[in-house]
Amino acid sequence: MEKVAFIINPFSAKKNYQPFLNELIKKVGNPLYYVSESIQGTDDFIQNNFEKIDIFVAIGGDGTISTVARNLINTEKVLAIFPAGSGNGFSNETKFSKNLDELLDKIKAKNSRKIDTFTVNERLSINVSGTGFDGKVVKEFEKTDRGFKNYIKVSLKTFFNYKPIKVKFSDEKYQQYNGKYLMLNIANTRQFGNNAYIAPNASKSDGLVDMVLVKKFPLTYSALFAFRMFTKRLKDDSYVTYLPVSEIEFKVNTKNWHLDGEFNKIKSPIHVKVQPSSLNILI
């Protein structure tokens with residue numbers, strides 16, 4: 001474990017990271033680890049140890065993983081994960097579990113592969129990012145104690161009061177999709193987290209992302225939408241449209257976005273671009 005560093009988000013997993021740290025110290029001995037309380041702190045730790053470390057392990061949710069990953073883009077350094085977030089979408093999609101022994105075995109084997117990432121106005125995303133309904137949900141969700149139950153409560157409350165966003169594409173071939181939508185998502189992998197599959201056919205290694213356009217649907221459709229999302233069966237229909245793209249530009253009349261589940265303010269026009277095979281991840 002000489003060339004491995006562990007970066008812990010102390011605010012993930014209901015702020016209960018100590019059991020993980022105790023187990024890590026017990027099994028590894030004297031690991032290099034950093035308990036980070038800020039994005040800048042994480043960036044500084046990685047840069048200060050960049051030359052001597054081969055594998056950086058992110059302990060947290062998708063936001064934590066994305067923060068670590070952005071320091072490793074287009075390098076040979078390897079990202080590993082111990083999931084400790086509320087949704088863990090990216091961890092699920094890259095087959096990392098909450099089993100420390102499994103993680104340590106992977107680290108010892110040192111096998112890795114390159115996957116795609118993408119940017120939204122040059123801000124990195126590794127999993128799923130979006131605007132509209134779910135951007136608003138993330139903003140309100142961050143005011144709670146998090147957790148799946150609070151996410152559902154916030155989602156239901158937001159749904160009934162939310163006015164659709166207006167989307168206008170720059171490229172003529174996409175202008176037929178101009179209109180009002182409940183939400184717009186950019187999916188590099190299949191799920192938000194909690195096994196909610198917004199883009200069941202998305203691949204993190206095909207040079208494309210799936211743009212998912214969802215029109216505001218009636219309450220009578222909501223149960224079917226939820227059923228399809230949690231059973232990997234969402235597909236194109238009168239309310240859902242999938243556009244596989246490598247790069248796209250559009251305007252939207254809101255600045256509220258989430259990038260990998262973290263709230264961001266982003267001004268239009270929006271430029272989305274895939275970065276093929278840009279992140280080296282442990283397998």
Side-chain angles (χ1 to χ4, degrees), residues 4-18 20-21 24 31-75 77-91 94 96 115-131 134-147 151 186 188-189 192-193 255-267 270-273 275 278-282:
V4 182
F6 298 83
I7 301 166
I8 301 169
N9 179 351
F11 306 109
S12 293
K14 299 181 180 179
K15 304 181 181 180
N16 188 24
Y17 69 90
Q18 197 61 48
F20 166 83
L21 185 54
L24 178 66
L32 175 61
Y33 70 89
Y34 176 65
V35 179
S36 176
E37 296 193 0
S38 70
I39 292 173
Q40 187 61 55
T42 296
D43 292 344
D44 290 344
F45 174 79
I46 293 173
Q47 293 309 314
N48 290 339
N49 292 279
F50 196 80
E51 294 303 321
K52 65 181 182 181
I53 297 299
D54 291 335
I55 302 173
F56 290 89
V57 185
I59 298 93
D62 285 352
T64 303
I65 297 163
S66 186
T67 298
V68 174
R70 74 178 187 176
N71 289 277
L72 313 181
I73 293 296
N74 295 320
T75 74
K77 303 301 181 181
V78 178
L79 172 69
I81 301 162
F82 186 88
S86 54
N88 300 317
F90 188 74
S91 305
T94 47
F96 285 96
I115 64 170
D116 303 336
T117 61
F118 69 97
T119 55
V120 180
N121 286 10
E122 299 186 353
R123 302 189 197 190
L124 179 70
S125 179
I126 58 175
N127 193 51
V128 179
S129 295
T131 186
D134 56 328
K136 176 68 171 175
V137 167
V138 168
K139 183 178 181 182
E140 297 303 315
F141 182 54
E142 289 188 347
K143 299 175 184 177
T144 72
D145 294 328
R146 292 190 171 246
Y151 185 82
I186 313 294
N188 186 44
T189 74
F192 288 126
K255 298 175 185 176
N256 293 340
W257 278 76
H258 76 86
L259 301 181
D260 298 325
E262 299 294 319
F263 181 72
N264 280 255
K265 287 276 191 182
I266 306 179
K267 293 181 180 179
I270 302 298
H271 181 213
V272 174
K273 186 174 183 179
Q275 302 183 91
S278 53
L279 179 62
N280 207 13
I281 191 160
L282 199 69

The test is side chain to side chain donor-acceptor pair (under 3.5 Å); show your working for Ser91 and Asn88 and say whether it passes. CA-CA 5 Å; Ser91 305; Asn88 300 317; 4.5 Å; no

Where [X] and [Y] come nearest, the two heavy atoms and their spacing:
| X | Y | result |
| --- | --- | --- |
| Asn127 | Phe118 | O-CE2, 3.8 Å |
| Ser12 | Ala84 | CB-O, 2.9 Å |
| Gly41 | Ser38 | N-OG, 2.9 Å |

Value rounded to 0.5 Å, distance of [atom1] in [X] from [atom2] in [Y]:
| X | Y | atom1 | atom2 | answer |
| --- | --- | --- | --- | --- |
| Asn71 | Thr42 | CG | OG1 | 8.0 Å |
| Tyr17 | Tyr33 | OH | OH | 8.0 Å |
| Asn74 | Asn280 | CG | CG | 10.5 Å |
| Leu79 | Leu72 | CG | CG | 6.0 Å |
| Ile7 | Tyr34 | CD1 | OH | 9.0 Å |
| Gln18 | Ile8 | CD | CD1 | 8.0 Å |

Hey, does [Y] have a side-chain heavy atom less than 4.5 Å from the side chain of [X]?
| X | Y | answer |
| --- | --- | --- |
| Leu24 | Ile59 | no |
| Asn121 | Ile270 | yes |
| Leu282 | Phe96 | yes |
| Leu32 | Phe45 | yes |
| Thr189 | Thr94 | no |

Show every salt bridge (Lys or Arg N to Asp or Glu O under 4.0 Å) that has at least one partner inside residues 47-64, sequence neighbours left out.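 Found Asp54-Lys77.
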
Partners passing salt bridge (charged side-chain N to carboxylate O under 4.0 Å, His left out) against Asp43 (at least two apart in sequence or in another chain):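 For Asp43 the salt bridge (charged side-chain N to carboxylate O under 4.0 Å, His left out) partners, ignoring immediate neighbours, are Arg70.
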
Does the plane of the ring in Phe56 sit parallel, tilted or perpendicular to the ring in Phe50? Use 30° and 60° as the thresholds.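 Taking Phe50 first and then Phe56, their aromatic rings lie parallel (interplane angle under 30°).
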
Not counting sequence neighbours, which residues clear side chain to side chain contact (heavy atoms under 4.5 Å, CB included) with Thr117? List them please.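 For Thr117 the side chain to side chain contact (heavy atoms under 4.5 Å, CB included) partners, ignoring immediate neighbours, are Ile73, Leu124, Ile126, Gln275, Ser278, Leu279.
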
Checking [X] now: which residues fulfil side-chain hydrogen bond (donor to acceptor under 3.5 Å, both in side chains) with it, not counting sequence neighbours?
| X | result |
| --- | --- |
| Glu122 | none |
| Lys265 | Asn256 |
| Asp260 | Ser66, Ser125 |

Is there a donor-acceptor pair under 3.5 Å between the side chain of Asn264 and the backbone N or O of Glu262?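 Yes; judged by distance alone, with no hydrogens or angles, the pair exists.
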
Show, in sequence, the C-alpha distance, side-chain angles and deciding distance for Ile266 and Thr131, and conclude whether the side-chain contact (heavy atoms from CB on, under 4.5 Å) test is met. CA-CA 10 Å; Ile266 306 179; Thr131 186; over 6 Å; no

